[in-house]
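In what follows, a structure is listed as structure tokens, so that the remarks can point back to it.
Per chain, numbering begins at 1; letters A, B, ... match sequence-line order.
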There are 2 protein chains.
Amino acid sequence: MVRKTKEEAELTRRHILDAARRVFLECGVARTTLERVAAAAGVTRGAVYWHFRNKTDLFFAMREQATLPFVDRVVFDEGEADPLQGIERALREIIHIMEDQPETRETIEILSFKCEYVEEFSGLRLRTEGQLEFLAGLTAAYQRAAAKGLLRAGLDPAIVAQDTFVFVGGLIKHWLSSEPDECFRAGASALIRTHVALRRA
Amino acid sequence: MVRKTKEEAELTRRHILDAARRVFLECGVARTTLERVAAAAGVTRGAVYWHFRNKTDLFFAMREQATLPFVDRVVFDEGEADPLQGIERALREIIHIMEDQPETRETIEILSFKCEYVEEFSGLRLRTEGQLEFLAGLTAAYQRAAAKGLLRAGLDPAIVAQDTFVFVGGLIKHWLSSEPDECFRAGASALIRTHVALRRA
DNA sequence: CTATTTACATACATCCGTGATTGTATAAAC
DNA sequence: GTTTATACAATCACGGATGTATGTAAATAG
């Protein structure tokens, strides 16, 4: 049984991507061998090399899939009456994505803790387009809040946006590092609420 | 010329540790070969294997050296009149350590971005003893501030401490990711000031 | 119905890193 | 001054991963 139909081929491609994510998460990217990925996907290395040029190509393909949920769900509505509430909702949405989309969560965990940012991966470390867009969205939202008099007096929207940006980075890091049943995850919601409330006038 | 004196041997050991840090930073831990470390230290693999059991042992030896500056310099004085100011000073001290101790900074960069937390390294991800101690120190300091009426009304010291803890994690991450001349590093001081000021009554 | 391409599996050559072993000149112990 | 332990250097054997080349059966195009 060789030479599958196009749809079947696309299916094995996704199987390989899923397997890669699992093996990357377990072994780390560097120690992951394409043999193990193939075995986890129920194919041979031949299939992997057919769909992907090499491990790096496979890695970037896996990564690309994880960016979609964020651009979809983490948005700032410009017409919102209370921009601070919009920011709070955006931060919550990030946690929700990690909670109910295991594939995305695992990919972020790989990017955060199972990948060494050297050579072909070093470019990922500098702020990516998506991150810059998020920071820009935060800044704009804080500016709208300031214009409406909702921001606490004396706060520079740009600084506060960077502060929240930093907060999100730390939040994701610690959230991923904590055990699922640990109190930190339950407390994340309170952390977000406090974070935004501190900035409200 | 073999069989050095004890002091010379200790010197080559430190040369190897220094070299390891440089190569780890450039190649990542996984891709680092002991051959390259040896060459960078001006010795052969024989010397490396004499002083260290293997790459993992070398890695942990390098890591250990970086923890010292923090326990020395990032402290909370219990008798301080203004605990919030103490917290701010502690946060600043972290940045200062990264600024004027390149070895420590590089080691943290390796731990943050050049190391995959799997198998023998997976234990490092969970909160280490030092991190827990830092969080405990933060909590105690915020509690003292609350007792003195310095903390903003309605804030739970434990939550705020976690918030600052998260902030520090994000701060280090972004500080390391930014270029030395980038404005983010210059703005870190303002971020810290704002962060603490937001919590003051 | 034939030709060609697709979607893999299998087999092969190569290199690279590791750990262990052995060699050795000198420092230190006695 | 001899012996022994030290601090490496040099060599070896081995497995393991990669990339490529080849084989092949079925799907698709014509």
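One can place CD of A:Glu7 at 14 Å from C1' of D:dA26, the figure rounded to the nearest angstrom. Rounded to whole angstrom, the span from the CG atom of A:Leu34 across to the C1' atom of D:dG16 amounts to 13 Å. Note: CD1 (B:Ile16) to P (D:dC8) measures 7 Å, nearest angstrom. Going from atom CG of B:Asp57 over to atom C1' of C:dT18 covers 15 Å, rounded to whole Å. Between the NZ atom of B:Lys6 and the P atom of C:dA27 there is a distance of 14 Å, given to the nearest Å. A:Arg13 has its CZ atom 16 Å from the C1' atom of C:dT6, to the nearest Å. Distance CZ (A:Phe52) to P (C:dC8): 11 Å, rounded to an integer number of Å. Atoms CG (B:Leu58) and P (C:dG17) sit 16 Å apart, rounded to a whole Å.
The aromatic ring centroids of A:Phe134 and A:Phe70 lie 6.0 Å or more from each other.
For A:Arg45, whose side chain is taken as the heavy atoms from C-beta onward, the closest listed nucleotide among C:dA7, D:dA9, D:dT20 is D:dT20. Of the candidate nucleotides D:dT18, D:dA9, C:dC8, C:dC8 has the atom nearest to the side chain of A:Thr12. The side chain of A:Asn54 lies closest to D:dG19 when the candidates are C:dT18, C:dA7, D:dG19.
Checked by atom type and distance alone, the side chain of B:Arg22 pairs as donor or acceptor with a backbone atom of B:Ala40 at under 3.5 Å. With hydrogens and angles ignored, the 3.5 Å screen pairs no side-chain donor or acceptor of A:Lys114 with any backbone N or O of A:Glu109.
Note on B:His51: every side-chain N or O is 4.0 Å or more away from OP1 and OP2 of D:dA7. Not one side-chain nitrogen or oxygen of A:Trp50 sits closer than 4.0 Å to the OP1 or OP2 atom of C:dC8. Between B:Thr5 and the phosphate of C:dA28, there is a side-chain N or O to OP1/OP2 separation shorter than 4.0 Å. Distances shorter than 4.0 Å separate some side-chain N or O of B:Tyr49 from OP1 or OP2 on C:dG19.
Contact annotation for A:Thr33: backbone-only contact, meaning every heavy-atom pair under 4.0 Å involves sugar-phosphate atoms and none involves a base.
Between the side chains of B:Thr5 and B:Glu7, a donor-acceptor pair is found at a separation under 3.5 Å.
Ring orientation note: the planes of A:Phe113 and B:Tyr117 are nearly perpendicular, at an angle over 60° on the 30°/60° scale.
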